[in-house]
Number of protein chains: 2
Amino acid sequence: MNDSRPIRAKSGTNHEGTSAHNRRVMIDALRMNGALSRADLARATWLTKQTVSNIIEELERDGLVRSQAAVRKGRGQPSTPYGLVPEGAFAIGLQIDRHVTRAVAVDLVGSVLVRDEAGLPTGGPSEGAKVILDLVAGVRAKLAGIVQQSEKRLVGLGIAMPGPFGVAGSGDDPWMMEAWQKFPLLETLTAGTGLDVGLQNDAAAAATAERMVGAAHGLDHAVCLFVGYGIGAGLILNGELYRGTNGNAGEIGMALLFADGKSTPLEHRASLASLYQHLSIDPADPDLHAEINDRVLRGDPSVETWIDAAAADLRWSIHLIETIFDPQTVILCGSASEALVNRLIAAIGPLLPSIAERRGRTLPRLQPGMADPWSVALGAAAGPISRAFDPHFAAILKDSL
Amino acid sequence: MNDSRPIRAKSGTNHEGTSAHNRRVMIDALRMNGALSRADLARATWLTKQTVSNIIEELERDGLVRSQAAVRKGRGQPSTPYGLVPEGAFAIGLQIDRHVTRAVAVDLVGSVLVRDEAGLPTGGPSEGAKVILDLVAGVRAKLAGIVQQSEKRLVGLGIAMPGPFGVAGSGDDPWMMEAWQKFPLLETLTAGTGLDVGLQNDAAAAATAERMVGAAHGLDHAVCLFVGYGIGAGLILNGELYRGTNGNAGEIGMALLFADGKSTPLEHRASLASLYQHLSIDPADPDLHAEINDRVLRGDPSVETWIDAAAADLRWSIHLIETIFDPQTVILCGSASEALVNRLIAAIGPLLPSIAERRGRTLPRLQPGMADPWSVALGAAAGPISRAFDPHFAAILKDSL
DNA sequence: GTAATAAGTCAAGACAATTGACTTAATAAG
DNA sequence: CTTATTAAGTCAATTGTCTTGACTTATTAC
């Protein structure tokens with residue numbers, strides 16, 4: 001009787017897990033509220049003044065927080081607020097798109113310090129990887145030129161690229177993303193950069209960015225509907241990005257819609273790819289974003305047609321998202337121009353009725369998020385920062401070390 | 001400058017949080033794997049043998065675990081496995097449906113020890129509450145008759161009822177559920193029972209049941225599609241039930257489908273309500289379940305028509321669920337008969353293509369779950385047990401006490 | 001019969017949060 | 001102007017929980 005199937009269990013925790021959690025809670029509180037005194041932190045986190053003092057002292061030694069001028073407010077000793085030190089940590093974010101790759105260096109509070117892009121060669125991933133590694137190296141070098149000791153404070157490299165991941169030949173994107181799926185990207189970049197490398201799809205990256213510095217800041221339940229070359233949803237559930245079993249949660253581009261007796265993936269109806277096709281524009285055009293932005297602003301009728309059609313699908317998608325997730329808000333963001341997102345939001349309204357319509361709402365059901373070609377790279381960088389500093393269950397467990 | 005907006009922060013943790021977590025991890029491991037020795041537990045949880053010993057000793061004192069006969073396996077001292085003690089804890093589960101209310105008493109391992117039901121008077125919630133309190137009291141009394149000290153080990157009362165919650169007048173369910181929405185149910189039952197009372201929608205309860213003793217046992221990502229009087233999805237995400245902002249996540253019955261130029265809620269197309277209507281059956285009929293079961297088994301053509309139509313909608317719903325959540329599996333369960341669920345599953349196949357189709361799958365994409373009128377009440381009871389004993393983030397935090 | 005292996009215990013130690021008294025620095029009240 | 005009050009923050013001792021390493025016990029392999 002060799003009953004040797006592996007035992008499945010969650011990991012336990014210990015003092016270090018406790019301490020790590022409390023550190024993260026402090027950082028999170030400072031990120032959400034701005035600078036706070038030790039006493040404020042103690043009240044907010046339910047920890048004792050003494051514990052907060054110890055942790056703050058430690059965080060200050062580590063260069064993650066810094067005291068500000070004392071504040072007098074009423075009776076009692078003035079409080080000394082502590083705030084996050086932006087240059088306390090950095091991360092590199094990398095977006096791999098069809099024709100281009102973008103990299104940014106981001107600091108602890110989500111400011112982009114360096115940005116750079118490069119065209120991706122048509123030779124496929126093995127050639128592309130060289131371009132990418134060069135790009136990342138360049139961004140790191142520039143960062144090192146701006147701030148001292150940046151390399152020591154680099155917490156990781158986050159990659160964002162179109163999903164879904166690990167699915168055999170969907171086949172309807174001829175433009176090489178499939179080749180990237182098979183390429184050992186994480187291994188190559190880990191080896192090539194020496195950094196901790198993480199991967200998410202571009203909608204998830206957009207959501208991560210919104211959570212760190214955008215419309216989802218401080219929210220526990222929000223869904224970012226991301227209109228890029230494809231379309232996807234980034235899910236913030238219980239204050240964390242939800243990834244699903246294989247990192248493909250939210251990849252709604254492949255959702256089939258039935259209309260006029262035939263089924264079409266959502267992606268073919270409401271995505272920049274569909275817009276490019278509608279306009280007969282070459283998606284490899286380097287002036288793409290400017291061109292689209294321009295056409296949106298001057299009300300190009302062909303663009304308007306697409307917007308109305310896409311808005312109808314998005315309106316229904318938002319209804320469905322509200323119904324399924326019961327989020328605090330839905331955020332519409334994209335890799336295209338702000339102007340396009342705003343036009344889309346205008347065209348989407350009024351929203352379909354749903355359970356999101358309730359008395360006492362404070363947040364709008366739908367709000368605009370970041371919309372520019374760099375937001376995905378920013379979100380990619382936000383990934384490692386969140387992993388390193390945000391409070392979450394996994395960070396408490398012993399097996400996370 | 002009175003900057004007194006409340007400070008938002010997550011709670012910190014301390015030694016007790018650590019200890020509470022580790023206790024829960026042990027219990028969870030025993031639930032998932034069956035009896036385990038201290039050494040096995042230490043390996044599985046990453047804790048030291050000594051820590052495990054201390055915690056097991058404590059759990060044994062508390063009557064939650066019990067040693068079994070020593071097991072010799074190869075060289076070395078024989079190990080002493082410890083298993084959960086079923087009568088270590090109990091919970092009452094209560095289902096409030098349109099015409100009937102059901103209560104069960106469930107033990108730590110999810111066995112139903114007592115079950116009882118009562119018709120709900122048409123006089124509305126304030127009258128109904130009396131019936132419910134009597135029913136609960138009766139179940140508690142019967143439980144006390146079966147096991148000693150059951151009252152001391154009662155961890156709570158879980159309620160399951162149709163959602164969505166807190167939404168003003170959807171209006172299309174004339175049968176009194178709306179009145180229940182406005183009734184202070186939690187307060188009334190808390191006061192009337194002296195128990196810790198929790199509320200979830202029926203699909204969530206079904207998912208909770210599947211997770212404790214059913215097809216989702218041990219899974220971290222699973223969606224239970226629940227076909228009851230309405231239709232809903234219970235979401236197990238990251239190993240926990242996901243509730244959304246207002247406890248309405250997964251309430252997909254109100255999702256609007258567009259077909260033939262008009263929009264219909266899913267609920268009107270694939271739910272027992274729609275079946276009853278299709279068959280012109282009175283949903284208040286006490287022999288309802290037997291009747292439907294019978295008709296399914298003998299292949300009633302009218303039922304078959306409904307099944308085919310509902311299966312088409314469910315097929316698409318499953319496609320959408322797979323696309324959005326990327327779950328390990330989808331479970332079809334319901335409050336009707338097993339026969340109906342099995343027929344539905346047969347009629348749903350083959351599934352639509354989706355990202356769930358990947359090499360190396362071990363679980364089926366769609367599997368049958370519990371399907372009987374008592375599964376929701378069981379799930380309702382599973383709620384408090386899960387809250388009391390499963391490892392989860394909130395249980396670690398200081399503010400959870 | 002002896003060595004090897006594995007389960008489990010013992011007692012001391014380390015770590016991180018807690019406690020309660022104390023210090024410091026401001027405003028409010030008389 | 002003096003004193004009381006209030007609040008921030010520190011100090012030193014304590015507590016709770018996990019860890020460490022040596023030890024005991026029980027079994028199989030050689």
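Convention: sequence-line order gives letters A, B, ...; per-chain numbering from 1.
- Across its full length, the helix from C:dG1-D:dC30 to C:dG30-D:dC1 shows an angle of 0° between the axes of its 5 terminal pairs at either end, rounded to 10 degrees.
- Each of A:Asn14 and A:Ala39 has a nearest nucleotide on DNA chain D; the 5'-most of these lies closest to A:Ala39.
- Using a 4.0 Å cut-off between charged nitrogen and carboxylate oxygen, A:Asp62 and A:Arg23 count as a salt-bridge pair.
- Across the protein-nucleic acid pair, A:Lys49 atom NZ and C:dT18 atom P stand 13 Å apart, rounded to whole Å.
- A:Thr18 and B:Thr18 share a donor-acceptor pair across their side chains, judged by distance under 3.5 Å alone.
- Of the candidates B:Thr208, B:Val109, B:Asp390, B:Val106, B:Val106 is the only one forming a side-chain contact (heavy atoms from CB on, under 4.5 Å) with B:Ile385.
- For C:dA17, the OP1/OP2 oxygens have no side-chain nitrogen or oxygen of A:Thr48 closer than 4.0 Å.
- Protein atom CZ of B:Arg75 is 8 Å distant from nucleotide atom C1' of C:dA3, rounded to whole Å.
- With a cutoff of under 4.0 Å to any heavy atom of chain B, the contacted region of DNA chain D is bounded 5' to 3' by D:dG16 to D:dA29.
- Heavy-atom distances to DNA chain C give each of A:Arg72 and B:Arg38 a nearest nucleotide, and the one nearer the 5′ end belongs to B:Arg38.
- When every heavy atom of B:Leu378 is checked against every heavy atom of B:Ala209, the shortest pair comes out as CG-CB, 4.1 Å.
- For A:His21 and C:dA17, the NE2 to P distance is 10 Å, given to the nearest whole Å.
- Inter-residue side-chain proximity for A:His221 and A:Ile236 is flagged as unmet; no heavy-atom pair is nearer than 4.5 Å.
- In this structure, a donor-acceptor pair under 3.5 Å is present between the side chains of A:Ser79 and A:Lys73.
- A salt bridge is defined here as a Lys NZ or Arg NE, NH1 or NH2 lying under 4.0 Å from an Asp or Glu carboxylate O, and B:Arg43 with B:Asp40 meets this definition.
- B:Thr51 comes within contact range of at least one nucleobase, with a heavy-atom separation under 4.0 Å.
- Nucleic acid contact class of B:Arg23 (heavy atoms, under 4.0 Å, all strands): none.
- Checked by atom type, the side-chain pair B:Arg66/B:Tyr82 shows no donor-acceptor distance below 3.5 Å.
- Between the side chain of B:His15 and the base of C:dA16, a donor-acceptor pair under 3.5 Å is found.
- In this structure, NZ of B:Lys73 is placed 11 Å from P of C:dA6, rounded to the nearest angstrom.
- Using the six-membered ring where Trp is involved, B:His15 and A:His15 have ring planes that are perpendicular, over 60° apart on the 30 and 60° scheme.
- No hydrogens or angles considered: nothing links the side chains of B:Asn54 and B:Glu58 as a donor-acceptor pair under 3.5 Å.
- No contact: B:Asn54 has no heavy atom under 4.0 Å from any strand.
- For the pair A:Glu58 CD and C:dC15 C1', the computed distance is 12 Å after rounding to whole Å.
- Residue A:Ile55 contributes atom CD1, which lies 16 Å from atom P of C:dC15 at whole-angstrom precision.
- Judged by closest nucleotide on DNA chain C, B:Asp40 is the one of B:Asp40 and A:Gln77 placed further toward the 5' end.
- Phosphate contact (OP1/OP2 of C:dA7, side-chain N/O of B:Arg43, threshold under 4.0 Å): present.
- For the pair B:Pro78 and A:Ser53, nearest-nucleotide mapping onto DNA chain D gives the more 5' position to A:Ser53.
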